[in-house]
Number of protein chains: 4
Amino acid sequence: MRTIHAAKHDERRAQILAAAERCFARRGFHGASIAQICKEAKISPGHLYHYFGSKEEMITAIAESGLVYTQARVKQFTESKTDAVSATVSELENLRDAQRRAGPGVLLDILAEAARDPQVGGILQDASKGMRLLLATFFEEAQKGGDIDPDLDPQMSAAIFISLIDAGKALTVRYPDLDMDRFGKTMETMLRRFLSRQN
Amino acid sequence: MRTIHAAKHDERRAQILAAAERCFARRGFHGASIAQICKEAKISPGHLYHYFGSKEEMITAIAESGLVYTQARVKQFTESKTDAVSATVSELENLRDAQRRAGPGVLLDILAEAARDPQVGGILQDASKGMRLLLATFFEEAQKGGDIDPDLDPQMSAAIFISLIDAGKALTVRYPDLDMDRFGKTMETMLRRFLSRQN
Amino acid sequence: MRTIHAAKHDERRAQILAAAERCFARRGFHGASIAQICKEAKISPGHLYHYFGSKEEMITAIAESGLVYTQARVKQFTESKTDAVSATVSELENLRDAQRRAGPGVLLDILAEAARDPQVGGILQDASKGMRLLLATFFEEAQKGGDIDPDLDPQMSAAIFISLIDAGKALTVRYPDLDMDRFGKTMETMLRRFLSRQN
Amino acid sequence: MRTIHAAKHDERRAQILAAAERCFARRGFHGASIAQICKEAKISPGHLYHYFGSKEEMITAIAESGLVYTQARVKQFTESKTDAVSATVSELENLRDAQRRAGPGVLLDILAEAARDPQVGGILQDASKGMRLLLATFFEEAQKGGDIDPDLDPQMSAAIFISLIDAGKALTVRYPDLDMDRFGKTMETMLRRFLSRQN
DNA sequence: GATGAATGAGACTTCATTCAT
DNA sequence: CATGAATGAAGTCTCATTCAT
C-alpha cells in the first residue's frame, strides 16, 4: 500500500518533470514560469510544491534526468559488440535521429546554466566524469583488442567524443538546414581516421 | 561637432554593452536584470534606455558582437600563411588561452537562446554561414595547394571545425579541471589525421 | 462547491471594480495607478491580476458596467406608464439626484477614452445603439398613442435625448453652483415644447 | 528688438502648443508624454522647458486656448444680425463642420480633467461663466426684440445651449455614423420650438 | 492529495524633469 | 536658443512561493 502510493507519487512527479522540460525547452530555465509549467502539467501551483520544493529543484532534477538519458545511450554504445569505429558511426546516426524527433531540447540550457550554477555544474560534471570513464574504458579495451590506435590518449579521446555530442546540438542551431547525411559522412571520415590504427 | 557627439554616444553604448555582457555571463540573459546591468555600468535605468530600446536589443547586440569577435578570429586564422593543419593547431591554442582569460563567456547562452528566439537565431545563423564560407574557401585553397586531403568535403569539414569551437566551450564546463595540454595534443592528432592527405 | 468558489470570485471582482471606479473617478483612467487601486481595494498587486488581466481590462469592465447602469435607467424610463413628457421630466430629477450622490463619476472619462481607444469606443457605441433603440421605440409608441408629435424623427429625437444626459454631466462641471431647480424647470420647458403635438 | 524676440518666442510657444494639442487629442492628457510632444514639435525636452514650466502648465494653456476658441465662436454667434433661432441653426452647422474637420479634439478631455483638477476646473468655469453671460445677454436682447419667448429664463437657456455644444462632441463619439443632416434638422426643430414665442 | 487565493518583491520600461555643454 | 545626457521615482505586470480550505 505504501509502495503503491509511492509509485503513484513518482509517476506524477515524472509527468510534471516532463511538462517542465517541455516548458524549459520552449522558454529556457529562467524564461519559463511556474505558472506555465502548472498549466502544461495540469496541476495547481500549490500542489506542484508537494512534489518539488522549489524551481531550482526542478531544474536540477531535469538536468539529472536529461544527462542520465545521454549517459544511458553512451553506456549502450560502449557495450555494443561491433568494432569501435562502426559503433561510433551508428551512435552518430542515433544522435541525428533523436535531434530530429525532439528538437534542440534542453542540453544547451544545461550547459549554459552549469557554467554559473554550481549545483547544476556539479551534476553535469559528475555525469560527464561517469561518461568519460565509460568511454575511456571502452577505448582502452578497443586498443587492447587492436581496433583503435594504441597510441591515442583514451581519456582525452573520450573527452573529445563527449564534447562532439554537445557540438551536435549546437550545429542544428547554427545550421538548421544542414544536409545531415553529408555531414554524417564527413564526421565518420574524421572519426575513422582519428581512431584507426596507423600503419 | 555632430561627430564628437555621435562618437561619445557610441563609446558609452559600448561601455554599457561590455557591462551587460559581464552580467549576462554571470547570470544568463534572463537571469541578469536591468538593475544589475545599470549598477555594473554605473548608469540609471532611465538613461540606459536612451542607448537601447529594450533588453532584447541588448541581447541581440551582444550576440552580434560576440559572434563578430569569433568570426574575426576565424578570418585571421584563414588568412594565416602557415599550412592548414598548423594554423588549426595554433587556433586551438588561442582558443584555450581566451577561455582561460575570459571565463566561459556568453557563447553557450547565445546557442541556447538562438534555439528559441528567432532574432538571435537569425544572427547566429548568419554569422555561422559567414564563418563556414570563410573556412570552406580556406579548405578548398588548401586542397588545391596540396596541404589537405582533396577528397574531403570542404563545406562539411568547415561545419565540423566550427563545431569544435562550440565543443571547446562545452568541454570547459563539463571538465573544468581538464589538462588542457594533454587535450590539445590529442585534438591536434585528430585534426592532423583528419585533414592530412591520405596515401 | 464549484458554484461557491465562482460566486466568491465574482463578488471579489466586483469589489475590486468598485474600488477601481472610485480611483478612476478621482484621477482618471490614466492618472490612477494600479498601486492606488490596490490600496483602495485592500489587495496586493499580484492578486489583482488574478481577477483582471490588465489595467485596460479593468477600464473596459468599468465602461461596460457604467453604461449598463445608465442603460438600465433608460430602460426603466421607457417602460414607465406615465406620459412621455412627464417621464422625461422625472428622469431628469433622477439624474440630478444621482449626480449629487455620486459626484461626476466616470462618464466623461469614458467619452474621452472612447474617442481614442477602439475597445472602449466599441463598448460605448454598442451601449449607445441599444439605448437609442429603446428610446426610439418608446417615442414611436408615444407617437402612435398621441402623446408626442408624430412629425418628429424618432431616431434623431432619441439621439438628442441621449445627448442631454451627456450634457447634464458636462453642465455640473461647467457650473458646479448651478441652481438645479431653476435649470430643471427650463429643461422641462424645452422638452415639453419639443415633444408636444403641435397644433 | 526686444519685441521681435518676444514675438518669435510667442510664435514658437504657439507651435509647441499646437503639437501638444495633437498629442493630447491622440492619447489624452496623461497618456501623452513629454517625449512624444517633443518629437511632434521637433524640439528637445530641455528646450521645451524654456517655454513651459511643467506639463501641467501646457495642459492649462491648452484648456485656455481651446476654450477661447469656442468662446470666440459663441461671441461671433451672439453678434450676428440674423434672428436668434436662425443664428442658432447656423452655429450648429458650423459646429458640425468643425467636428468633421478636427476630429473629437480635446474638449472631452478638458471636461473630464476639469472634474478633478481644480486649476483646469477653474479655467473651464471662468470661460463657461463668460460664455453664459454672452448668451444670456443675447437671449435677453432677443426677448426684448420679440424674437424669442420672453418667458424663458435666459440664464438657464444659455446653460442649456452651452451644454449642447459639449453634447455634440459626445454624440460623434457615441454615433460616429450618425446622419448629421437628419440630426441637424431635428435639433433645429427642438431649438425653434424651445425658443419661439408661444401663442 | 489538491485547489487557487494571496503575497510582496522585483521584473522591464517610461515618466517628467534637470543639468552640463 | 538649443541639445541630449542624465536621473530616479513610479508605471504596469510577473514572479516564485505560501497558506487556508
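Per chain, numbering begins at 1; letters A, B, ... match sequence-line order.
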For every nucleotide of nucleotides 16-21 of chain F, 5' to 3': is a protein heavy atom under 4.0 Å from its base (B), only from its sugar-phosphate (S), or from neither (-)?
SBBB--

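- What separates CG of A:D10 from P of E:dG1 is a distance of 12 Å, to the nearest Å.
- Checked against F:dG4, E:dG8, E:dA2, the side chain of D:S44 finds its nearest nucleotide in F:dG4.
- In this structure, B:F52 atom CZ and E:dT14 atom C1' are separated by 18 Å, rounded to whole Å.
- Taking OG of B:S65 as the start and CG of B:L67 as the end, the distance is 8.0 Å to the nearest 0.5 Å.
- Between D:Q36 atom CD and E:dT13 atom C1' the separation is 14 Å, expressed in whole Å.
- Atom CD1 of B:I37 is separated from atom P of E:dA11 by 11 Å (rounded to the nearest Å).
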Can you give the dot-bracket line for DNA chain F, where a pair is Watson-Crick or G-U wobble with both atom distances under 3.5 Å, crossing pairs use [ ], and | marks a partner on another strand?
.||||||||||||||||||||

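- When rounded to the nearest whole Å, the span between CD1 of C:I16 and P of F:dC13 equals 14 Å.
- Counting all heavy atoms, side chain and backbone alike, A:R13 lies closest to A:Y51 at NH1-O, 3.2 Å.
- Considering all non-hydrogen atoms of both residues, D:I110 and D:I62 come closest at CD1-O, 4.4 Å.
- Protein atom CG of D:L48 is 17 Å distant from nucleotide atom P of F:dA5, rounded to whole Å.
- As rounded to whole Å, 17 Å separates atom P of F:dG4 from atom CD1 of B:I43.
- For B:M58 and E:dT13, the CE to P distance is 10 Å, given to the nearest whole Å.
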How far apart are the C-alpha atoms of A:H30 and B:F29, what are their side-chain angles, what is the distance that settles it, and do they pass the ring-ring contact (aromatic ring centres under 6.0 Å, His included) test?
CA-CA 9 Å; A:H30 295 326; B:F29 287 139; over 10 Å; no

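- Nucleic acid contact for C:Y51: sugar-phosphate only, since backbone atoms but no base atoms lie under 4.0 Å from a heavy atom of the residue.
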